[in-house]
Peer 1: 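Quick one: the structure is below, questions incoming.
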Number of protein chains: 2
Amino acid sequence: MSDPISTREKLLKAAQNLFWTRGYSNVSVRDITRSADVDVALVSRYFGGKQGLFEATLKLVPPWEALAADGEALLLKAVKSFSEPHDPRSDAVNPFTMLLSNVNDPEMGDMIRDMVRRGMSKPLAEKIGGRQAETRAAMLLAVLFGAALMRKSFQVDGFQAQPNEALVAQLMHLARAALAYDG
Amino acid sequence: MSDPISTREKLLKAAQNLFWTRGYSNVSVRDITRSADVDVALVSRYFGGKQGLFEATLKLVPPWEALAADGEALLLKAVKSFSEPHDPRSDAVNPFTMLLSNVNDPEMGDMIRDMVRRGMSKPLAEKIGGRQAETRAAMLLAVLFGAALMRKSFQVDGFQAQPNEALVAQLMHLARAALAYDG
DNA sequence: ACCGCCTGTCAACACTCGTTGACAAAATTT
DNA sequence: AAATTTTGTCAACGAGTGTTGACAGGCGGT
């Protein structure tokens, strides 16, 4: 083959796709190795075990780009990062899908919660400032994660159907309301 | 003992507590029987197996009371039903916690998604009516489930701390915004 | 008393899980 | 060419899963 992808990379890619969509506990090591067409024992050899492989995929999560912007641009980036549909045929799984899939995991839930608090909730609260910054930031995150939940997990009708533009506009309206209310 | 609770009830109660908080796949039959102080085999005898026991707990889910109200009262009931904290020492587990815990389950996810669509999303859309009723209903649900997610799953700081009254007021503000926007 | 029925107990089943160690093949270095 | 390191293969392990069947005790009814 003219495809010199190392076995380690094949494992990491397959693990990312499966872990990020189904969740850590719902994916077996044999699921991953079967998908990557690789022997089961190599997971322990290259990554030290299932947990090490999962943590390796966590390092593929990019920083939340919305935090680099300000004001209206911040909101737009934040909304778009959540409202992008998750395409199973694509290699790129939405990182927020991964957070939703693993938040309730009995083994990895703590790690995921820490990622959200440290990487999203706290920096967002510091960024927006003002009265009740923590609560208002949490409200914005509630809107965003709620939207992702409706789309990816519950798959309710009113979310997948319409063109993406209208959905983004509606979420922007809601996001502004989340940050505006200060009690 | 002066406690004539039947074994079947003990099993159902323990199953409800464990299934609704940890999720179907993350609870073993032996976890339940150990918690209920009952033999493992009785699950299959009384409920036909693990799946039957889970479905028996699903019948304990009450209908969504918010759907019986109208206008502002509907919103208030809806918000309160979600924003009530989940107390692990209490016997009454919030049904929406159960939905969040089981929506990503590989075996029971379909059933849970159907419950939300048929019991919440569609009747709510019919109730509110107007333009884009489905999408606006989905937006309201996104706010509510997002709030529950922030509280129960992510446990972000800005949500648990403050008095419940302020949180309800803020969520009401957001819920009105969700239903008001019609494109 | 005898019978039948409900209830609970125990051991075992077939299966999947993550992980390990022995061994072979290939690639790299000396 | 020989030695060493890397890479992949195979079988097995102990633990945990849901489920089943055989068996015993208690209960009320004929």
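Atom set for the values below is all heavy atoms of this structure, side chains included, hydrogens, waters and symmetry mates excluded. Computed from a predicted structure; not experimentally measured. Every chain is numbered from 1 and lettered A, B, ... according to where its sequence line falls, protein lines coming before strand lines.
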Peer 1: What is the nucleic acid contact for B/Ser44, judged by heavy atoms within less than 4.0 Å: base, sugar-phosphate only, or nothing?
Peer 2: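 Touches a base.
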
Peer 1: Taking the six-membered ring of B/Tyr24, is the NZ or CZ of B/Lys50 close enough (under 6.0 Å from the centre) and on axis enough (within 45°)?
Peer 2: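 Yes, cation above the ring, under 6.0 Å and within 45°.
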
Peer 1: Expressed in angstrom and rounded to an integer, what is the separation of A/Lys10 atom NZ from D/dG8 atom C1'?
Peer 2: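 My rounded result for the distance is 11 Å.
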
Peer 1: Would you mind reading off the distance between B/Asp39 atom CG and D/dA22 atom P, rounded to a whole angstrom?
Peer 2: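 B/Asp39 atom CG is separated from D/dA22 atom P by 17 Å.
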
Peer 1: Please figure out whether A/Arg34 or B/Thr7 has its closest DNA chain C nucleotide nearer the 5' end.
Peer 2: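 Counting from the 5' end, the first nearest nucleotide belongs to B/Thr7.
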
Peer 1: C/dC6, OP1 or OP2 - any side-chain N/O from B/Tyr46 closer than 4.0 Å?
Peer 2: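 Answer is no, no contact under 4.0 Å.
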
Peer 1: For B/Lys80, is the NZ atom crowded, meaning more than 12 foreign heavy atoms sit under 6.0 Å from it?
Peer 2: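 At most 12 heavy atoms, drawn from other residues, nucleotides or ligands, come within 6.0 Å of this atom.
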
Peer 1: Centroid separation under 6.0 Å, is that true for the rings of A/Phe159 and A/Phe154?
Peer 2: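 Centroid distance A/Phe154-A/Phe159: not below 6.0 Å, so no.
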
Peer 1: To check you understand the geometry: which heavy-atom pair defines the closest contact between B/Thr57 and B/Ala15, and what is its length?
Peer 2: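 It is CG2-CB, 3.9 Å.
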
Peer 1: Any base atoms under 4.0 Å from B/Val38, or only sugar-phosphate, or nothing? Heavy atoms, all strands.
Peer 2: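 Result for B/Val38 = nothing.
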
Peer 1: Should we count NZ of B/Lys122 as having more than 12 external heavy atoms under 6.0 Å?
Peer 2: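 Result for NZ/B/Lys122: open.
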
Peer 1: For the pair made of CG in B/Leu11 and C1' in C/dG8, what is the distance, rounded to whole Å?
Peer 2: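 After rounding, the gap between these two atoms is 12 Å.
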
Peer 1: Taking 4.0 Å as the cut-off, does a side-chain nitrogen or oxygen of A/Ser28 come that near to OP1 or OP2 on C/dT16?
Peer 2: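 For C/dT16, OP1/OP2 do not have a side-chain N/O of A/Ser28 under 4.0 Å.
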
Peer 1: Can you check the A/Phe47 CZ to C/dT20 P distance for me, whole Å?
Peer 2: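 Taking atom P of C/dT20 as the reference, CZ of A/Phe47 is at 16 Å.
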
Peer 1: Measure CZ/B/Arg30 against P/D/dT19 and give the value in whole Å, please.
Peer 2: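 Rounding to the nearest Å, CZ of B/Arg30 and P of D/dT19 are 10 Å apart.
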
Peer 1: Rounded to whole angstroms, how far apart are CE on A/Met108 and C1' on C/dG18?
Peer 2: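 Rounded to whole Å, this separation is 12 Å.
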
Peer 1: How long is the line joining CG of A/Leu42 and P of C/dT19, in whole Å?
Peer 2: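 From A/Leu42 CG to C/dT19 P: 13 Å.
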
Peer 1: If I take atom NZ in residue B/Lys50 and atom P in nucleotide D/dT17, what distance separates them, rounded to the nearest angstrom?
Peer 2: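 Computing the B/Lys50:NZ to D/dT17:P distance gives 9 Å.
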
Peer 1: Among D/dG21, C/dA22, C/dG8, which is the nearest nucleotide to the side chain of A/Arg45?
Peer 2: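 Nearest to the side-chain atoms of A/Arg45, counting from C-beta on, is C/dA22.
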
Peer 1: Any idea which of C/dT9, D/dC10, D/dG18 is nearest the A/Ala41 side chain?
Peer 2: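 Closest nucleotide to the A/Ala41 side chain: D/dC10.
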
